[in-house]
Amino acid sequence: MNKYIKIAVAAVLILLGLYMMIFTRNLGWGIVVFLLAAFPILLFFKNEYILLAFWQLRKQNMEKAAEWLTKITDYKGQLHQTQYGYFHYLLGLTQAQDHPTKVEPLMKKALEYGLNMKHDRAMATLNLAAAAISKGRKQEGQKLLEEAKRLDSAGMMTDQIKMMKDQLKMPTMQKHMHNPNMRNRGKFF
């Protein structure tokens, strides 16, 4: 549903509540309808699909969370501007297991649009560091890990950061892996 339709529904409910309170003298029902107008206003700023995706993420159900996110077809038309970052952040988290190559651009967009919570920014930065390390960009990965460590003030991701720093210290397999048959290649053919 378009975000402006929610505001229109809220305006109609507010007008209906005022009409009931003033002209029909149904003060109780007028207040109830007036309070019901708070739901579309709340859903204007906090999209219902984003809330349901977060709820499924807390239950560790990535498939359901991704299913709720696919219902957002035009994120600029359906979401408030403050939720653009969280939409891309949640898409990145749900696709991290199946499509790790798609995570990096989504997390970059999420950080570009902005995430309100520090631990969400830390998680997005940690995912960017993992993508940089996996692509062999060690210096960028090191900088992103330091940024994630700085953002993780609660210490929720210290184990993951430590594990990724240990990965940085390990030599890359491509440099140290030798194929003995490559030297003798000309002899066999």
Side-chain angles (χ1 to χ4, degrees), residues 1-24 26-131 144 147-148 150-154 156-157:
M1 179 187 306
N2 194 311
K3 59 186 171 186
Y4 297 114
I5 293 174
K6 295 174 188 174
I7 292 297
V9 168
V12 167
L13 286 174
I14 288 171
L15 291 175
L16 180 65
L18 288 173
Y19 174 78
M20 290 178 86
M21 287 191 296
I22 295 171
F23 295 112
T24 63
N26 270 336
L27 192 61
W29 282 110
I31 291 173
V32 168
V33 172
F34 200 75
L35 290 175
L36 284 176
F39 287 112
I41 293 172
L42 172 73
L43 294 177
F44 176 78
F45 293 105
K46 302 288 182 192
N47 187 278
E48 62 272 11
Y49 297 131
I50 298 272
L51 293 174
L52 290 168
F54 266 120
W55 184 48
Q56 292 297 328
L57 229 70
R58 287 184 60 84
K59 293 172 34 175
Q60 301 294 322
N61 193 347
M62 296 292 185
E63 293 84 26
K64 276 285 209 183
E67 188 179 314
W68 284 114
L69 289 173
T70 57
K71 295 186 186 223
I72 300 174
T73 54
D74 175 28
Y75 72 93
K76 288 190 177 184
Q78 289 178 273
L79 302 176
H80 190 263
Q81 191 173 7
T82 57
Q83 288 195 309
Y84 293 172
Y86 278 100
F87 173 69
H88 288 94
Y89 173 69
L90 287 173
L91 272 178
L93 288 180
T94 56
Q95 294 182 359
Q97 295 291 331
D98 300 331
H99 310 288
T101 56
K102 293 182 181 180
V103 174
E104 185 178 12
L106 289 170
M107 290 301 173
K108 281 183 180 179
K109 270 190 171 182
L111 288 173
E112 181 183 311
Y113 283 126
L115 299 170
N116 296 336
M117 307 296 280
K118 257 184 151 179
H119 63 271
D120 292 334
R121 288 193 304 264
M123 178 62 84
T125 308
L126 188 66
N127 279 312
L128 284 175
L144 288 168
E147 175 78 15
R150 185 183 60 79
L151 287 170
D152 185 30
S153 57
M156 293 175 8
M157 291 173 245

Exercise. Kindly write out the residues that satisfy ring pair (Phe, Tyr, Trp, His ring centres under 6.0 Å) with H99, not counting sequence neighbours, or none if the list is empty.
Key: none
Practice problem: Mind checking the CE-CG spacing from M20 to N26? Nearest 0.5 Å is all I need. | Solution: 5.0 Å
Exercise. Can you see which heavy atom on A53 is nearest to which on A65, and at what distance?
Key: O-CB, 3.7 Å
Practice problem: Please report the shortest heavy-atom distance between M107 and L93, naming the atom on each side. | Solution: CE-N, 3.8 Å
Quiz item: Who pairs with H80 by side-chain hydrogen bond (donor to acceptor under 3.5 Å, both in side chains), at least two apart in sequence or on another chain?
Solution: T82
Quiz prompt | L106 versus Q95, closest heavy-atom pair with distance | solution = CD1-OE1, 3.6 Å
Quiz prompt | Any pair counted as salt bridge (charged side-chain N to carboxylate O under 4.0 Å, His left out), so long as it reaches residues 96-114, sequence neighbours left out | solution = E104-K108, E104-K135, E104-R137
Quiz prompt | Those residues that, when tested against Y86, pass ring pair (Phe, Tyr, Trp, His ring centres under 6.0 Å) (two or more places apart) | solution = F54
Quiz item: How far apart are the closest heavy atoms of A37 and P40, and which atoms are they?
Solution: O-CD, 3.3 Å
Quiz item: For the atom pair CG (L90) and CD (Q56), what is the distance rounded to the nearest 0.5 Å?
Solution: 12.0 Å
Quiz item: With sequence neighbours left out, what residues match T101 under side chain to side chain contact (heavy atoms under 4.5 Å, CB included)?
Solution: none
Quiz item: Side chains of M62 and L57: closer than 4.5 Å at any heavy-atom pair?
Solution: yes
Exercise. Drop me the distance from Q81's CD to Y113's OH, to the nearest 0.5 angstrom.
Key: 8.5 Å
Quiz prompt | Contacts of F87 that satisfy ring pair (Phe, Tyr, Trp, His ring centres under 6.0 Å) - sequence neighbours left out | solution = Y75
Quiz item: Ignoring hydrogens and geometry, is there a side-chain-to-backbone donor-acceptor pair from K118 to L151 under 3.5 Å?
Solution: no
Practice problem: Kindly state each residue pair satisfying side chain to side chain donor-acceptor pair (under 3.5 Å) with at least one member in residues 62-71, sequence neighbours excluded. | Solution: none
Self-check item: side chain to side chain contact (heavy atoms under 4.5 Å, CB included) partners for A66, two or more places apart
Solution: T94
Self-check item: Non-neighbouring partners of Y4 that pass ring pair (Phe, Tyr, Trp, His ring centres under 6.0 Å), sequence neighbours left out
Solution: none
Practice problem: Report the C-alpha separation of N47 and K6 in whole Å, then their side-chain angles, then the decisive distance to 0.1 Å, and conclude whether the side chain to side chain contact (heavy atoms under 4.5 Å, CB included) test is met. | Solution: CA-CA 10 Å; N47 187 278; K6 295 174 188 174; 3.5 Å; yes
Practice problem: Mind checking side chain to side chain contact (heavy atoms under 4.5 Å, CB included) for L18 and listing every partner two or more places apart, or none if nothing turns up? | Solution: I14, M21, F34
Quiz item: Mind checking what makes side chain to side chain contact (heavy atoms under 4.5 Å, CB included) contact with L15, not counting sequence neighbours?
Solution: none
Exercise. For the pair D120 (side chain) and L115 (backbone), establish whether a donor and an acceptor sit closer than 3.5 Å, ignoring hydrogens and angles.
Key: no
Using a 3.5 Å cut-off and no angle test, enumerate the donor-acceptor pairs between side-chain atoms of residues 122-131 and protein atoms at least two apart in sequence or in another chain.
from: T125; atom 1: OG1; to: R121; atom 2: O; distance (Å): 2.7
from: N127; atom 1: ND2; to: M123; atom 2: O; distance (Å): 3.2

Self-check item: Residue pair G92 / V103: nearest heavy atoms and the distance that separates them
Solution: O-CG2, 3.6 Å
Quiz item: Rounded to the nearest 0.5 Å, how far apart are CD1 of I7 and CZ of F45?
Solution: 6.0 Å
